[in-house]
Amino acid sequence: MPPTRVPSSPAAVLGPAAVQETREMFYAEALNDALRLEMQRDPRVIVLGEDIAEHGGAFQVTAGLLAEFGPDRIRQTPISEIGLVGTAVGAALTGLRPVAELMYIDFSGLAIDQIVNQAAQNRFMFGGQARVPLVVRTQGGSGRGNAAQHSKSLEAWFTHVAGLKVVMPSTPADAKGLLAAAIRDDDPVMFIEHKLLYRTKGAVPTGEHLVPLGRADVKREGTDVTIVTWSRDVLLSLEAAAKLADLGIAAEVVDVRSLVPLDKEKILSSVRKTRRCLVVHEAIKRGGYGAEIAAIVAEEAFDDLDAPPRRLAGVDTPIPYAQPLELGVVPQVADIVKAARELVAG
Amino acid sequence: MPPTRVPSSPAAVLGPAAVQETREMFYAEALNDALRLEMQRDPRVIVLGEDIAEHGGAFQVTAGLLAEFGPDRIRQTPISEIGLVGTAVGAALTGLRPVAELMYIDFSGLAIDQIVNQAAQNRFMFGGQARVPLVVRTQGGSGRGNAAQHSKSLEAWFTHVAGLKVVMPSTPADAKGLLAAAIRDDDPVMFIEHKLLYRTKGAVPTGEHLVPLGRADVKREGTDVTIVTWSRDVLLSLEAAAKLADLGIAAEVVDVRSLVPLDKEKILSSVRKTRRCLVVHEAIKRGGYGAEIAAIVAEEAFDDLDAPPRRLAGVDTPIPYAQPLELGVVPQVADIVKAARELVAG
Amino acid sequence: MDKQTALHLYRVMRTIRRFEQRSTTLFGENKIWGTIHSYAGEEAIAAGVCEHLRDDDWITSTHRGHGHCIAKRAELGKMFAELLGRETGYCRGRGGSMHIADTSKGNLGANGIVGGGIPIATGAALTAKQLGTDQVAVSFFGDGAANQGTFHESLNIAAIWKLPVIYVCENNQYAESFPAKKAFAIEDISVRAAGYGMPGVRVDGRDVAAVYAAASEAIARARKGGGPTLLVCESYRHEGHYYGDPRKYQTKEEIEGWKTAFDPLLDARGWIVRDGLGTEAELDAIDRAVDDEMERAVAWAEAGPPASPLKFPEDIYASY
Amino acid sequence: MDKQTALHLYRVMRTIRRFEQRSTTLFGENKIWGTIHSYAGEEAIAAGVCEHLRDDDWITSTHRGHGHCIAKRAELGKMFAELLGRETGYCRGRGGSMHIADTSKGNLGANGIVGGGIPIATGAALTAKQLGTDQVAVSFFGDGAANQGTFHESLNIAAIWKLPVIYVCENNQYAESFPAKKAFAIEDISVRAAGYGMPGVRVDGRDVAAVYAAASEAIARARKGGGPTLLVCESYRHEGHYYGDPRKYQTKEEIEGWKTAFDPLLDARGWIVRDGLGTEAELDAIDRAVDDEMERAVAWAEAGPPASPLKFPEDIYASY
Ligand SMILES: Cc1ncc(C[n+]2csc(CCOP(=O)(O)OP(=O)(O)O)c2C)c(N)n1
Ligand SMILES: Cc1ncc(C[n+]2csc(CCOP(=O)(O)OP(=O)(O)O)c2C)c(N)n1
Ligand SMILES: [Mg+2]
Ligand SMILES: [Mg+2]
């Protein structure tokens, strides 16, 4: 069931009367704000994870929450990924609304059995007896010299799991609104941040702010080519779009935001307009979620296309340590510009 | 680097002088034969897994090996998936050539950290110091009423990992030849069988038989539509092709065999010939490897296509228990016939 | 133990035994799809533990889950209906034998992943602690599961947080074909408890009174905030690992020897009569009542409609 | 202990300490990318254990791996070159601090996955057993890693197969910001060994002689086919978890108190001089020699060429 079409700005969601105050926040701060507000609103919301208490989380997303909510609700765990996620699954099944943090998505393999076999399949397998209001927050991506075991982009794994939702916000406002929505959602949600986004800034509504799952967002309008992307690559694509504008190419940037459910309609309608589609993501190309989107576009908008749908993605390699190599294996702004130009020319 | 083009029949690989005797074997027997021959040939080959000793493996693939090679080489392990796979990784790094069995691919999540972060990335991460000649044998798929935790098709996860190879044989002969090749390979290989194939039969060379990784195989030639598929769906597609022939449609069936490395050239040249591409797989459609193939075809053969590349795949749901429901969520012969007809008509 | 409890424990065990016999027959008649794992021989564990549990206490179960389900007071008809793939089954035919849950009675579900239920029970216990209730959670699992990472991580978490959870390890001497003697270099699994800082108790899993007593203490401690316990019950499964298991890893003598020596039902009949808690006639009457109940349940299940077609997304997502 | 061993142990420890100081400086100069984790304060463990290892014995290490690497006789220049992202580094700049291996000396590699190396060492020990050699494997890991499933599953496997592996748990009291006091409900991690049926030993990880003695026994037993040991070394890390850690979870007093009370280098100087195994002057000379060697290594590393561009598939696959 495709989501109902509703405009995606917060004001529009809340209705014109509720236009909200905003404040410049870092992405990490916006996430923190969402956690705080949801924890204030609902005592069943708890956070579990490693290093989330005094230290405030590896990326400071839980900073200050221990002081406000105490150690019972900010539950620091031993280094036991499957234990902590499985504990969160059990808690979700029995009345809490846990947010479990996996410090790096690279460690998610240690916990994936509980995410997939237990959380995601629970509703189906048991005939709908229970709900699993669980959020697994994690972060991925390269760019900090953390090398092959701390830099992967693994969203594709989770999109390929029936019963999971997968969300990847690109801006502070979306981060806040989507996290709040994920926490209120009754299904298990993989909420994937990007380590290079935490220190990016943007205007964020200060009060309650919800961005419904399942809605893409056109972050820039254009007519010549559609760039479909998510997470940090939205920022790079917007930079690329600005450069492309100088070259006379009007790129439309569609921020998928929620990979599952996917807002297919918004992607397809943009592609039908521009007649060209470039999918950009940081994860390695082979088996990446870009393939899913390119395949959908090819399948459903074939006759509307003036050029083959094209993917620009990470090189099929583990992430290297040395900075020049690291930068070389994932798409950069110049690569996006080049790919879009070729697509428009081709 | 695409693999060199070499004809794929065993006789052709070994040269005309070496045409081999064959014998009808079950798929499970053919695998057993490969293990036996490789263990006889190389004392460094050992097998680790659950239930593989006296019981002969959940699907009898290791039957008789305990008697022949003893408990030191047929190492039955406790139910400790990450422990057994990690032990195999360490053994592979230090001079053995282990074959680790994961009884169901559904359990692979428990061990995936060792497969991905340790085995697959080792060579790259450590600058090429070591080799990891590890085979992880497992099986997936639905069709036996084993429900949601014993029926998944998860190959897409492993294709999305840099450093892994992924093999999925459809016939007894390929099963034997690919397993032998995987064991001799110096990279970690995910070797994925299908539970409904074990009791299928076919002619298998009785002696040494190697099918190189990275080569697709045209299992049936045709001119009207290319069906790209792997594992059990090759059999269903061949059945469908026979039915399609009755309807006057000549379908070519390309058995991918090795998902990584992928024989892109053979797929593309078939598609360029038939101008129509249907990808068929049992795994759920969203994020499946069919998307990768459809995206490649769309990207690289766009102008040669008379119709959009199309995917026929599992419904995006966990596998249900009740048999009618179970049959309904994965492609059946009739579905393939229907999809191919629509594609040719469309 | 009072008479009522003794007879009730016997009845629960007898119900489990009969359920396993009946589902084995149905399987032989090709009415059940997939696999079933018989709990025959281990009845005293589920019965003795669950006797102390309220409907709002939680359990997590295993692939060998029928016994836990019955002891936690599930409806037999809905269980059979699930095995038969009916819409009237606990999971509307979507789950089958390895995935029966009954959340109305606190049964969070059987589990096809060995060790998969252990952290889930831990999480249920966290809910109880967090909400300040006196509910407890029990995780049933096998000797095989005690070698899974989930066992280790969960027991440690429960110990440091003093969660109200009881880890019941059913050592039936085998994990599929692998004997516990080979899978462990220790003889007594309960010694592992010391490594987490929780009490470890080992009991004869044939003796329902012993299980009942040990569980009583552990559950009472958990309810009062005293934290988790590892309770290891030594047992034996009468049947193969699954229906049709050729049991190449066992000798006929071993099987027959254990089956006679190790039968919780015979055992219970013995002491119930000996201690004057019931007569042979009373026990026979229970047997007959159970058999009747079972036939009614099977008939009800067989009359149920087949599983309804899947609905996307409702079957899979609460919202989409 | 003889003089030569004592002075060598001191030298190894001093080399590790200096390496950490020097790489910290380089990090501060923005020459190192990513993260580094200092082993300062824990030197006695790597030094005392590896003194017994041959080049064909294996180790697996951790994110805090420089010390293990040095004690296993790695070349300092190639280590620095790796930190600096040079082609001359151990991993040709592909790995960085968290992924240094030196297979020529049996170092199977540092590991960014906490607990990730434990099964790998277990597998190396399996190789030794399978090939009938007297090689041993040592897995170094932290207190935090002892709560990972890999710890549990590996120790059990090693115990039932009597593998020649020593599990060295470096309890530096913290896993990132989480104190061991809270992460365990037990005070002595070595008691876990009993749950697997292997010897568990606890030593003062500040005292290199104590570590050396305990490791000697465990390694000798392993070489002779006596199976695995869990060796827990009580220790303290002088620095933060990583370079730049604000250490909000510790007080200044705690840190300063431990740093003075718990310094394996000072400790060793004390007993070496006291027992007449070396003079202050000899030890000072070692310090200077180490410092010189370090500067030469840094200079060599800085002169190396940058990491070469990636090559597909060779960098990733042995064949493709
Ligand atoms: C993670 C996982 N590994 C392996 C299996 C296959 N399997 C099913 S039951 C079983 C044995 C379980 O042994 P134990 O825990 O002792 O339970 P029992 O069957 O004896 O009741 C195994 C290995 C599985 N279902 N899940
Ligand atoms: C699987 C996994 N979980 C979490 C982390 C993040 N992390 C890195 S080091 C560390 C603490 C490790 O503690 P310990 O094992 O005691 O080693 P120490 O750092 O104290 O040497 C954590 C949690 C990781 N790298 N891998
Ligand atoms: Mg068992
Ligand atoms: Mg530590």
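In what follows, chains carry the letters A, B, and so on, assigned in the order in which the sequence lines appear, proteins first and then strands, with residues in each chain numbered from 1. Basis for what follows: all heavy atoms, side chains included, without hydrogens, waters or symmetry-related copies.
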Identify the two heavy atoms, one from A:Phe124 and one from C:Arg94, that lie closest to each other, and give their separation to 0.1 Å. O-CB, 3.4 Å
Which of residues 64-73 of chain A have a heavy atom under 4.5 Å from any heavy atom of chain C? A:Asp72, A:Arg73
C:Ile160 versus chain A, heavy atoms under 4.5 Å apart: side chain, backbone, both or neither? side chain
Non-hydrogen atoms of chain A under 4.5 Å away: do they reach the side chain of C:Ile118, the backbone, both or neither? neither
Counting C-beta onward and ignoring hydrogens, is there a side-chain heavy-atom pair between C:Gln130 and A:Arg75 closer than 4.5 Å? yes
Give the minimum heavy-atom separation between A:Gly163 and C:Tyr317, together with the two atoms involved. N-OH, 3.1 Å
Donor-acceptor contact below 3.5 Å, side chain A:Arg123 vs main chain C:Glu314: yes
Tell me the residues of residues 129-137 of chain A whose non-hydrogen atoms fall below 4.5 Å from those of chain C, in number order. A:Gln129, A:Ala130, A:Arg131
Check whether C:Ala101 gets within reach of chain A through its side chain, its backbone, both or neither, counting any heavy atom under 4.5 Å. both
Closest heavy-atom pair and its distance - A:Gly83, C:Pro119: O-CB, 4.1 Å
Look at A:Leu164, A:Ile79, A:Ile46, A:Val85 and state which one has the largest set of heavy-atom pairs under 4.5 Å with chain C. A:Leu164
Checking side-chain hydrogen bond (donor to acceptor under 3.5 Å, both in side chains) between A:Thr94 and each of C:Thr103, C:Thr127, C:Asp56, which is the one that passes? C:Thr127
Before you tell me yes or no, could you show the steps for A:Gln114 and C:Ile120 under side-chain contact (heavy atoms from CB on, under 4.5 Å), namely the whole-Å CA-CA distance, both residues' side-chain angles and the distance that decides it to 0.1 Å? CA-CA 9 Å; A:Gln114 285 288 328; C:Ile120 296 177; 3.7 Å; yes
So which residues of residues 105-113 of chain A are in contact with chain C at a heavy-atom cut-off of under 4.5 Å? A:Asp113
Kindly state each residue pair satisfying salt bridge (Lys or Arg N to Asp or Glu O under 4.0 Å) with at least one member in residues 127-155 of chain C, sequence neighbours excluded. C:Arg54-C:Asp134
With a 4.5 angstrom heavy-atom cut-off, which part of C:Asn156 approaches chain A: side chain, backbone, both or neither? side chain
What part of A:Gln121 gets within 4.5 angstrom of chain C, counting heavy atoms only: side chain, backbone, both, or neither? neither
Interface residue of largest heavy-atom contact number with chain C, from A:Ala162, A:Pro78, A:Gly95, under 4.5 Å: A:Pro78
Identify which part of C:Leu310 has an atom lying under 4.5 Å from any heavy atom of chain A, answering side chain, backbone, both or neither. side chain
Greatest number of heavy atom pairs closer than 4.5 Å to chain C - which of A:Leu93, A:Leu96, A:Asp186, A:Asn117: A:Leu96
Using heavy-atom distances under 4.5 Å, tell me whether C:Ala110 contacts chain A through its side chain, its backbone, both, or neither. backbone
Counting heavy-atom pairs closer than 4.5 Å to chain A, which one of C:Glu82, C:His152, C:Gln135, C:His99 comes out on top? C:His99
Give me the atom names and distance for the closest heavy-atom approach of A:Asp187 to C:Ser319. OD2-O, 3.0 Å
For each of C:Asn111, C:Leu163, C:Thr150, tally heavy-atom pairs with chain A at distances under 4.5 Å, and name the one with the top tally. C:Asn111
Minimum-distance pair of heavy atoms, taken over all atoms of A:Leu48 and C:Trp161: CD2-CH2, 3.9 Å
Identify the two heavy atoms, one from A:Ala91 and one from C:Leu126, that lie closest to each other, and give their separation to 0.1 Å. CB-CD2, 4.5 Å
